[in-house]
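Encoded as structure tokens, the structure appears first; notes follow it.
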Amino acid sequence: MKSLIKDLVMREIPSGLIERARQRPFLKPFARQAVGAPPIWLMRQAGRYLPEYREVRAKAGSFLDLCYNPELASEVTIQPIRRFGFDAAILFSDILVVPHALGQTVTFAEGEGPRLDPIRSAMDLARLNELQVGRKFELVFETVRRTRAALPAETALIGFCGAPWTVATYMVGGRGSVDQAEARLMAYQEPEIFSRLIDIISTASVTYLDGQVAAGADAIQIFDSWAGSLPDDEFDRWVVAPTRRIVRELKQRYPALPIIGFPRAAGDKIAHYVRETGVDGVSCDTTFSIRGMAELSSAENVVVQGNLDPLLLVTGGAALEKRVEEILTAVSGRPFIFNLGHGIVPQTPPENVAKLVQLVRRG
Ligand code: CP3
């Protein structure tokens with residue numbers, strides 16, 4: 001009995017959230033309000049699989065030019081809402097806007113992913129400038145303001161940042177990698193330098209998210225795409241602790257703000273992550289079992305989001321239908337948001353996305 005009572009996680013629902021959830025169905029799971037069908041949005045819902053995105057992207061110049069163009073970034077944020085009527089739009093930007101705003105060189109080579117001038121020493125770190133983040137961030141905040149003004153009242157707007165660990169893997173490695181070896185090595189070999197880097201990213205991320213919320217974001221998601229590459233103690237130090245700090249500082253300013261964490265591939269560390277960071281929602285990756293998703297929601301009293309395989313959205317047909325049904329059945333009655341386990345891939349046929357929305361809404 002004792003353990004039952006101890007394990008019951010209490011979450012107070014702020015009154016501001018209850019009000020806003022009446023208007024925006026995406027927020028209902030956070031307010032524990034009943035929904036007909038679960039709310040749905042998809043990671044990378046604005047992107048190259050949409051012809052209208054490719055058109056705007058072609059006239060914007062580079063990918064970063066698009067991120068810093070409030071008019072065009074707002075347009076591509078809204079495109080998937082117009083086409084599919086998702087319950088939430090996600091700000092069009094990138095997690096690497098934070099290192100770029102800190103003064104690191106960031107480029108996106110066509111078809112190759114991001115390239116950064118890697119940070120390998122205390123001297124490289126000293127070149128980052130926390131004071132100059134303002135100007136670049138201001139353009140993103142303007143995108144949020146414009147987008148909020150243009151979205152239908154019932155559509156929520158999600159702001160986001162990369163988690164400090166994931167952003168650091170790019171800042172130290174200089175590019176994406178399968179094992180994040182450079183960042184992991186720096187964390188082991190130069191923990192003081194690495195810790196300073198994590199602190200710089202965390203501080204900038206709070207500024208970045210604070211501005212997004214002040215400009216009209218209804219909720220935020222913290223993307224920790226590489227959370228799965230760290231063993232327990234390192235996971236606590238570089239994933240959990242900085243995320244907890246970001247959540248705490250944002251909640252101080254916005255107590256009713258729903259915060260979703262996405263510790264991709266964290267596996268059996270996910271419940272610990274939820275408990276220790278204080279996130280309100282957790283996005284589960286494709287490899288997390290749907291039974292595990294339902295159990296996590298009960299055990300931690302947390303909103304769960306996920307976790308359809310993005311490749312099933314490429315496949316479509318009966319395989320897609322079967323899996324959507326399995327997910328909906330597994331999480332029925334829980335506070336749940338339908339999403340993928342990772343981002344939409346460019347070869348996804350838009351018709352399959354339309355079909356998915358229809359399946360989730362059982363239309
Ligand atoms: O989800 C959305 O629609 C909102 C916008 C968004 C983008 N990136 C746009 C984007 C979000 C939330 C992100 C997050 C992001 N960016 C993550 C975390 C999520 C994840 O996917 O794991 C990471 C690791 C990045 C870094 C990044 N940005 C990479 C590795 C790449 C190259 C990969 C690729 O698909 O080319 C990007 C570029 C990027 N970010 C694109 C988009 C639409 C494609 C660039 C283009 O249009 O040329």
Side-chain angles (χ1 to χ4, degrees), residues 40-69 72-81 83-84 86 88-100 104 106-116 140 143-144 147 157-171 173-178 180 183 201 205 208-209 212 217 219-229 260-266 283-287 305-307 310 313 339-348 353:
I40 175 171
W41 70 282
L42 303 178
M43 290 189 263
R44 286 278 177 97
Q45 64 190 21
R48 285 167 296 188
Y49 76 107
L50 287 179
E52 60 268 35
Y53 169 83
R54 295 195 297 268
E55 210 171 286
V56 174
R57 173 79 171 76
K59 71 175 184 207
S62 75
F63 174 70
L64 279 177
D65 289 338
L66 176 54
C67 293
Y68 295 124
N69 184 324
L72 298 183
S74 171
E75 166 60 20
V76 295
T77 303
I78 297 165
Q79 282 173 346
I81 306 305
R83 202 191 252 258
F84 306 114
F86 291 122
I90 180 159
L91 162 70
F92 188 86
S93 181
D94 198 83
I95 66 166
L96 300 181
V97 159
V98 168
H100 189 243
Q104 194 171 11
V106 180
T107 55
F108 286 83
E110 211 55 63
E112 284 185 29
R115 292 284 183 275
L116 298 84
V140 176
T143 303
V144 174
T147 307
L157 178 56
I158 303 171
F160 74 92
C161 72
W165 161 250
T166 287
V167 174
T169 66
Y170 289 94
M171 292 179 79
R175 57 172 70 195
S177 65
V178 286
Q180 298 76 55
I201 302 168
S205 300
Y208 192 47
L209 293 174
Q212 292 177 33
I220 58 159
Q221 177 153 320
I222 302 173
F223 287 86
D224 218 341
S225 308
W226 301 118
S229 60
I260 305 170
F262 178 38
R264 193 168 72 86
S283 203
C284 299
D285 65 85
T286 298
T287 63
Q305 174 179 278
N307 77 344
L313 203 51
N339 207 316
L340 302 176
H342 202 182
I344 294 186
V345 296
Q347 69 268 36
T348 304
V353 178

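Because the structure is a prediction, the values reported are computed rather than measured. Just so you know, ligand 1 is whichever comes first in the structure, and atom 1 is the first atom listed for that ligand.
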Q. Who's touching ligand 1 if we go heavy atoms under 4.0 Å?
A. Met43, Arg44, Gln45, Ala46, Arg48, Tyr53, Arg57, Phe63, Ile90, Leu91, Phe92, Ser93, Asp94, Ile95, Phe108, Gly113, Pro114, Phe160, Tyr170, Phe223, Ser225, His342
Q: List in chain and number order the residues that pass salt bridge (Lys or Arg N to Asp or Glu O under 4.0 Å) with Arg115, two or more places apart in sequence or in another chain; answer none if no residue qualifies.
A: Glu112
Q.
Once side chain to side chain donor-acceptor pair (under 3.5 Å) is applied, what residue pairs with a partner in residues 42-54 remain, sequence neighbours excluded?
A. Glu52-Arg83
Q. Which heavy atom in Ser74 sits nearest to a heavy atom in Thr147, and how many Å separate them?
A. OG-OG1, 3.2 Å
Q: Go through the structure and list residues passing ring-ring contact (aromatic ring centres under 6.0 Å, His included) with His342, not counting sequence neighbours.
A: none
Q.
Please give me the minimum heavy-atom distance between Ala227 and Thr166, naming the atom from each residue.
A. N-OG1, 4.3 Å
**Q.** Heavy-atom closest contact (Val144 atom, Ala217 atom, distance)
**A.** CG1-N, 3.8 Å
